[in-house]
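Every chain is numbered from 1 and lettered A, B, ... according to where its sequence line falls, protein lines coming before strand lines.
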Number of protein chains: 2
Amino acid sequence: MNEEAARRRVTVHDVARAAGVSLATVDRVLNGRPGVRAATAEKVGEAIAALGFSRDLNASLMARARDLKVVFFIPDGGNEFMDSLAEAVERRVGSALADRMHLSTRRIRALDTGALAAGLDGLDPAHCDCAVIVTSEEPEIVAAVDSATRRGIAVMTLVSDLPGTSRQHFIGIDNVAAGRTAASLLGRFLPQGGTVAVIAGSLHLRDHAERLEGFRSVLERDFSQVTLLGPYESHDNPETTQSLATELVDKQTQLSAIYNLGAGNAGLVSALEASDRVGEVRVIVHELTAPTRRGLLSGAIDVVLDQNPDGEIREAVTAARVLALGPGRAFATHPIEIGIFLRDNLR
Amino acid sequence: MNEEAARRRVTVHDVARAAGVSLATVDRVLNGRPGVRAATAEKVGEAIAALGFSRDLNASLMARARDLKVVFFIPDGGNEFMDSLAEAVERRVGSALADRMHLSTRRIRALDTGALAAGLDGLDPAHCDCAVIVTSEEPEIVAAVDSATRRGIAVMTLVSDLPGTSRQHFIGIDNVAAGRTAASLLGRFLPQGGTVAVIAGSLHLRDHAERLEGFRSVLERDFSQVTLLGPYESHDNPETTQSLATELVDKQTQLSAIYNLGAGNAGLVSALEASDRVGEVRVIVHELTAPTRRGLLSGAIDVVLDQNPDGEIREAVTAARVLALGPGRAFATHPIEIGIFLRDNLR
DNA sequence: CATTGTCTGAGGTACGTGCCTCATGACCTA
DNA sequence: TAGGTCATGAGGCACGTACCTCAGACAATG
């Protein structure tokens, strides 16, 4: 009780004293400013490690004149999940402001690589400390990310990663695990066996391909009684999804289940509700949105696997806060959990 | 772009000017100190609302000399979930410290109402800003909570709520929904029907009773092909659970599933692994701990419903930070989601 | 030796709030 | 009317970091 009261917070002053340098030098090292010899910087680094110094986030954000600015680039164009991501950002604007952080959103036409790259290139480091992007793997984007990083803007990827670039952090679920989970559930739903149709948006999308991979592997390993049909490609389009699903449900009378690992669920729900097999065909889809919520409630959908947009945005904001206080800081990355929703635990 | 640069942060100075009072008075109102006429306090409140003032959390925590102290009272005595809660607190100590918060844990012998009440009564407001407790509903505790609140200590309940008291906040899952979810999954696992045995810790525990209620209602409503056996009471004891499970699995050859809505899963897993029916009997339990994780991996357990200790502790810490800056502040309470784990999405 | 450049120290102000002291005026009571 | 309490104002220091200026030390270069 006494010892904890006596143990003062370790400050930059302590670091300076321990390293035998001045406050200014510690400051230069901490904030990556020039004018410090490598040997001196190392002395400071050792003192920091020895004392277990950790920068006071509150004081740090206080001291900088301007708020921390974070820009989210989120795809636009009818994908409900992306909309819910944008809404999650909005929901956090208020509390972030109380934490001296300014969040803003830019919607980019889906798959418009050029627009996203231009957006990144146009970012002024004075007006943006951190950019969060949702993108597929394109050389144009890779170049833009590296350029932004060089200009001092921390870039983080959301939902789908961009490995091998200078992006500081990735936030998203483990899509292979998501696919495995879908298979694990469907396998248990069909103890007598049956046929499962798989619909994907596009197998060129990294996350979709990963989900399919996980789904396939578990089905083959643990549930040989279940037969896989597909994958069919919907290009995440509700109309395409609807006609695909209609055909599957109507013509494949022996169809036991559908796993849609892409978007376009509004069409899927319409197709199912128009058929007479609601409740007979087991359905697993991704992302809790208005149409999938409706599907859960009507019984057309059995399970929704969810990326938890609010959790992802919270994580992004926390990470941005840490990243802005000096790049290269290692920090514990809490993986986003896959949410599993049935009608009975809808939030 | 220009407008946002021009819009300065609203500070206490602005509030003072708008209300036509001095800084000291605004401060007295904000921090609930005496010496302000009701009429004056109201003027200040109006100015705060008009300007949309929100206290700067960073500056606030900076200004108070001592760190924010939060004490967690967590039951002790062999319950793995409670252990994992305590571990979750430990994991957060470091990052909380960087945020000027000091977390500590006190283990209280499970169900020892007197010890918990004494612990609460012994809290000195100078050494504790917020207490977080896990408890059942007992008059002794209710009195201790109210007393602590009067002394200026914010109290929050974790896992199981204490409605009708002066507790500031509850953090936990919706246990009725958890029970419904278990039924919803088991019903789909047993399309041909079967018998489900239910094991509870004690039906006097609010959370257990709620889970049973949810489980029963969905089974009756949606899955009449499934028959319910029990509930049996294990008192959350692994040995009792083991002998119960052994008897159920061995004697009830027609048993299709087990739902353990209480603790003591180490015994359940042992019983199942000792039997020859692993993989035949569907098993759903609560709380992701060492034994249940092992059960998932071995195939003895199909699904674990989880309270997400890390999420709960994170939420508690965030709430404590806000609460300490003045009681009665309304803040958005993010419900804790029920985690659903299969072998394939183990984190 | 003078000049130039690089590295470092000393010290200051600022951020927004918490918390303290002291002074002042208003109002009440004896 | 004197002495008391209460509400409020004025002002200042502190928290730990960011960021600025200025001066001095030193080495290398001409």
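- When the C1' atom of D/dG16 is taken as reference, atom CE of B/Met62 falls 5 Å away, rounded to whole Å.
- Listed nucleotides: C/dG16, D/dA7, D/dA18. Nearest to the side chain of B/Ala63: C/dG16.
- Note: NE2 (A/His13) to C1' (C/dG11) measures 11 Å, nearest angstrom.
- Distances were taken from every side-chain heavy atom of B/Asp56 (C-beta onward) to each of C/dT17, D/dT17, D/dG16; the shortest belongs to C/dT17.
- Taking atom CG on B/Asp14 and atom P on C/dC15, their separation rounds to 12 Å, with Å as the unit.
- Atom CZ in A/Arg55 sits about 9 Å away from atom C1' in D/dA18, given to the nearest Å.
- Between the CG atom of B/Leu30 and the P atom of C/dG16 there is a distance of 15 Å, rounded to whole Å.
- For the residue pair B/Asp121 and B/Ser147, the shortest heavy atom distance occurs at OD1-OG, 4.0 Å.
- Residue B/Thr25 places at least one side-chain N or O under 4.0 Å from the OP1 or OP2 atom of D/dG9.
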### Task
Apply the test side chain to side chain donor-acceptor pair (under 3.5 Å) to residues B/Glu42 and B/Thr40: give CA-CA distance (whole Å), side-chain angles for both, the deciding distance (0.1 Å), then the verdict.
CA-CA 5 Å; B/Glu42 190 153 345; B/Thr40 313; over 6 Å; no
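- Closest to the side chain of B/Asp27, from the set C/dT8, C/dG18, C/dG16, is C/dG18.
- For the pair B/Ala59 and B/Val36, both in contact range of DNA chain D, the more 5′-proximal nearest nucleotide belongs to B/Val36.
- Taking side-chain N and O atoms only, A/Ser60 has a distance below 4.0 Å to OP1 or OP2 of D/dA18.
- Between D/dC15 and A/Thr11, no contact under 4.0 Å exists linking OP1 or OP2 to a side-chain N or O.
- A close approach under 4.0 Å does not occur between any side-chain nitrogen or oxygen of A/Arg33 and OP1 or OP2 of D/dC20.
- Atom CG of B/Leu116 and atom CZ of B/Arg106 lie 10.5 Å apart (nearest 0.5 Å).
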Scan nucleotides 10-12 of chain D against the protein and return all N/O pairs shorter than 3.5 Å with their distances rounded to 0.1 Å.
none

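- Per the geometry, CD belonging to B/Glu42 stands 17 Å off C1' belonging to D/dA7, to the nearest Å.
- For the OP1/OP2 pair of D/dT8 and a distance below 4.0 Å, the side-chain nitrogens and oxygens of B/Arg37 include at least one atom meeting the criterion.
- Put simply, CD on B/Glu90 and OG on B/Ser84 are 13.0 Å apart, with the number rounded to the nearest 0.5 Å.
- B/Asp83 approaches B/Arg107 most closely through the heavy-atom pair OD1-NH2, 2.8 Å.
- We find that CZ of B/Arg17 is positioned 14 Å from C1' of C/dG16, with the value rounded to whole Å.
- Put simply, CG on B/Leu61 is 9 Å from P on C/dG18, counting in whole angstrom units.
- Considering CD1 of B/Ile133 and CD1 of B/Ile141, their distance stands at 6.0 Å, rounded to 0.5 Å.
- Smallest separation of non-hydrogen atoms from B/Arg55 and B/Ser60: CD-OG, 3.9 Å.
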